[in-house]
Amino acid sequence: MQVSRPFRTAIVPAAGMGTRFLPTTKTVPKELLPVVDTPGIEMVAAEAADAGASRLLIVTAPGKDAVVAHFEPQPELESTLAARGKEALAAKVRRAAELIEVATVTQDEPKGLGHAVGCAGDALAADEEAVAVLLPDDLVLPSGVLTRMAEVRARHGGSVLCAFDVPREQISAYGVFDVEDTADPDVKRVKDMVEKPPADKAPSTYATAGRYLLDREIFDALKRITPGAGGELQLTDAVALLIAEGHPVHVVVHRGGRHDLGNPAGYARAFVDFALAHPDYGPALHNWLAERLTWTGSGVRGA
Ligand code: UTP
């Protein structure tokens, strides 16, 4: 199905405290931690641009200016690299600034993902009926699910989220959708959402992922919810409110891969996965890992 410009703005909330990466996040925003050599937020910006977004609206926080600076041109660095014949590196420096137009809004206090998304509402133009939200610490692979989500909005209206079918024994780590089937086996209508249910109580094995295509009604719902888990305003509570009020919400079940960059364990996996696939670093890392896995004990050798 052809879908013409279903959304122009992609909101990327990047104002969290990143406490799971302390002490690094005292000074380095977690959204800039490199996956091999590229920050997760640049990968997500590329995904938004590929899906047809023309503007990345980064929700930033005081003290996290480096996130936005990453998307600004650095002409001096580029010309130094070019003068040294390092054109490939200069192209890497240019890439983030060339991907997509970037705008920012500030969330003064980290009051939760729902609050962060709500801060972006006034920055939308009057004719923007829907908006994409991409969490920069969630890599959804391969890229392309947002295009599929836009097709589902064109067919069913309302809001469309992304789900992963995870093994039932792991489901209690996630937000879980209560769904009913549609004619398309990978598109489900959402009846409810439950946060981190015990495995035997989970209404399905479809877990939430950090991609949303939200009708702009979400901004009104975000004003009407009260703080939930951890005293924070939760985006899922606003989506649940819309569902309760009869607004259509569907999920696209993404049959690809995923990396959670938001915690050190998931980040380590992502780094190793991307490094193994890298033509320069992959073969040596593969050999080292194979040897490393034969060592006894879990300590760092030589530490
Ligand atoms: P997370 O909960 O993974 O990020 O939010 P966090 O709060 O920074 O991490 P921890 O729990 O302290 O380790 C998902 C995304 O939402 C943003 C974060 O920056 C992250 O990209 N976020 C979260 C906000 O923009 N504002 C908030 O108040 C909370």
Side-chain angles (χ1 to χ4, degrees), residues 9-35 38-48 53 56-71 96 102-124 131-140 146 161-162 164 173-175 193 195-196 207-214 218-219 222-223 225-239 258-271:
T9 299
I11 299 173
V12 176
M17 291 167 65
T19 54
R20 287 167 288 176
F21 281 97
L22 284 169
T24 297
T25 43
K26 282 166 70 183
T27 53
V28 180
K30 102 173 158 179
E31 295 79 10
L32 292 182
L33 296 178
V35 179
T38 304
I41 196 165
E42 182 176 323
M43 298 164 101
V44 163
E47 179 187 341
L56 202 69
L57 188 54
I58 300 177
V59 184
T60 184
K64 293 186 82 173
D65 300 343
V67 174
V68 179
H70 181 74
F71 289 91
V102 170
T104 60
V105 291
T106 302
Q107 183 190 28
D108 286 322
E109 279 179 72
K111 294 186 193 158
L113 177 59
H115 182 258
V117 171
C119 291
D122 288 343
L124 294 193
V131 68
V133 177
L134 295 87
L135 302 195
D137 52 8
D138 203 350
L139 298 184
V140 176
L146 278 171
L161 281 59
C162 176
F164 275 79
Y174 296 95
M193 295 167 75
E195 201 49 44
K196 300 189 171 78
T208 56
R211 299 292 178 274
Y212 308 78
L213 177 53
L214 299 170
I218 194 73
F219 296 105
L222 282 165
K223 288 183 189 140
I225 56 167
T226 48
E232 297 188 337
L233 287 177
Q234 303 292 342
L235 184 58
T236 49
D237 286 347
V239 175
R258 176 188 197 181
H259 280 301
D260 180 1
L261 306 179
N263 68 84
Y267 174 76
R269 276 193 206 182
F271 198 109

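Counting convention: from 1, in listed order, for ligands and their atoms alike. For clarity, every value in this text was computed on a predicted model and none was experimentally measured.
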Which residues pass the salt bridge (Lys or Arg N to Asp or Glu O under 4.0 Å) test with Glu232, sequence neighbours left out?
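In terms of salt bridge (Lys or Arg N to Asp or Glu O under 4.0 Å), with neighbours along the sequence ignored, Glu232 is linked to no residue.
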Residue list, salt bridge (Lys or Arg N to Asp or Glu O under 4.0 Å) with Asp260, at least two apart or on another chain
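Salt bridge (Lys or Arg N to Asp or Glu O under 4.0 Å) check on Asp260 returns nothing, list empty.
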Does the pair Val117 and Phe219 meet the rule for a side-chain contact (heavy atoms from CB on, under 4.5 Å), with working shown?
CA-CA 8 Å; Val117 171; Phe219 296 105; 4.1 Å; yes
Which pairs count as side-chain hydrogen bond (donor to acceptor under 3.5 Å, both in side chains) when at least one residue sits in residues 13-32, sequence neighbours excluded?
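Pairs touching residues 13-32 that pass the test: Lys30-Asp137, Glu31-Lys64.
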Ligand 1 polar-atom proximity to protein (N/O, under 3.5 Å):
{"from": "ligand 1", "atom 1": "3 (O)", "to": "Arg20", "atom 2": "NH2", "distance (Å)": "3.1"}
{"from": "ligand 1", "atom 1": "3 (O)", "to": "Lys30", "atom 2": "NZ", "distance (Å)": "3.1"}
{"from": "ligand 1", "atom 1": "3 (O)", "to": "Asp137", "atom 2": "OD2", "distance (Å)": "2.9"}
{"from": "ligand 1", "atom 1": "4 (O)", "to": "Lys30", "atom 2": "NZ", "distance (Å)": "3.0"}
{"from": "ligand 1", "atom 1": "8 (O)", "to": "Met17", "atom 2": "N", "distance (Å)": "3.1"}
{"from": "ligand 1", "atom 1": "8 (O)", "to": "Gly18", "atom 2": "N", "distance (Å)": "2.8"}
{"from": "ligand 1", "atom 1": "9 (O)", "to": "Lys30", "atom 2": "NZ", "distance (Å)": "3.3"}
{"from": "ligand 1", "atom 1": "11 (O)", "to": "Arg20", "atom 2": "NE", "distance (Å)": "3.3"}
{"from": "ligand 1", "atom 1": "11 (O)", "to": "Arg20", "atom 2": "NH2", "distance (Å)": "3.2"}
{"from": "ligand 1", "atom 1": "12 (O)", "to": "Gly18", "atom 2": "N", "distance (Å)": "3.4"}
{"from": "ligand 1", "atom 1": "12 (O)", "to": "Thr19", "atom 2": "N", "distance (Å)": "2.7"}
{"from": "ligand 1", "atom 1": "12 (O)", "to": "Thr19", "atom 2": "OG1", "distance (Å)": "2.6"}
{"from": "ligand 1", "atom 1": "13 (O)", "to": "Thr19", "atom 2": "N", "distance (Å)": "3.1"}
{"from": "ligand 1", "atom 1": "13 (O)", "to": "Thr19", "atom 2": "OG1", "distance (Å)": "3.3"}
{"from": "ligand 1", "atom 1": "13 (O)", "to": "Arg20", "atom 2": "N", "distance (Å)": "2.9"}
{"from": "ligand 1", "atom 1": "13 (O)", "to": "Arg20", "atom 2": "NE", "distance (Å)": "2.8"}
{"from": "ligand 1", "atom 1": "19 (O)", "to": "Ala15", "atom 2": "N", "distance (Å)": "3.3"}
{"from": "ligand 1", "atom 1": "19 (O)", "to": "Gly16", "atom 2": "N", "distance (Å)": "2.8"}
{"from": "ligand 1", "atom 1": "19 (O)", "to": "Glu31", "atom 2": "OE2", "distance (Å)": "2.7"}
{"from": "ligand 1", "atom 1": "21 (O)", "to": "Pro13", "atom 2": "O", "distance (Å)": "2.8"}
{"from": "ligand 1", "atom 1": "21 (O)", "to": "Glu31", "atom 2": "OE2", "distance (Å)": "3.4"}
{"from": "ligand 1", "atom 1": "25 (O)", "to": "Ala15", "atom 2": "N", "distance (Å)": "2.8"}
{"from": "ligand 1", "atom 1": "26 (N)", "to": "Gln107", "atom 2": "OE1", "distance (Å)": "2.7"}
{"from": "ligand 1", "atom 1": "28 (O)", "to": "Gln107", "atom 2": "OE1", "distance (Å)": "3.4"}
{"from": "ligand 1", "atom 1": "28 (O)", "to": "Gln107", "atom 2": "NE2", "distance (Å)": "3.3"}
{"from": "ligand 1", "atom 1": "28 (O)", "to": "Lys111", "atom 2": "N", "distance (Å)": "3.3"}
{"from": "ligand 1", "atom 1": "28 (O)", "to": "Gly112", "atom 2": "N", "distance (Å)": "2.7"}
{"from": "ligand 1", "atom 1": "28 (O)", "to": "Gly112", "atom 2": "O", "distance (Å)": "3.3"}

Val35 and its side-chain contact (heavy atoms from CB on, under 4.5 Å) partner, picked from His259, Glu42, Met43:
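Testing each of His259, Glu42, Met43 against Val35, the sole residue satisfying side-chain contact (heavy atoms from CB on, under 4.5 Å) is Met43.
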Worked check of side-chain contact (heavy atoms from CB on, under 4.5 Å) between Ile218 and Leu235
CA-CA 9 Å; Ile218 194 73; Leu235 184 58; 4.2 Å; yes
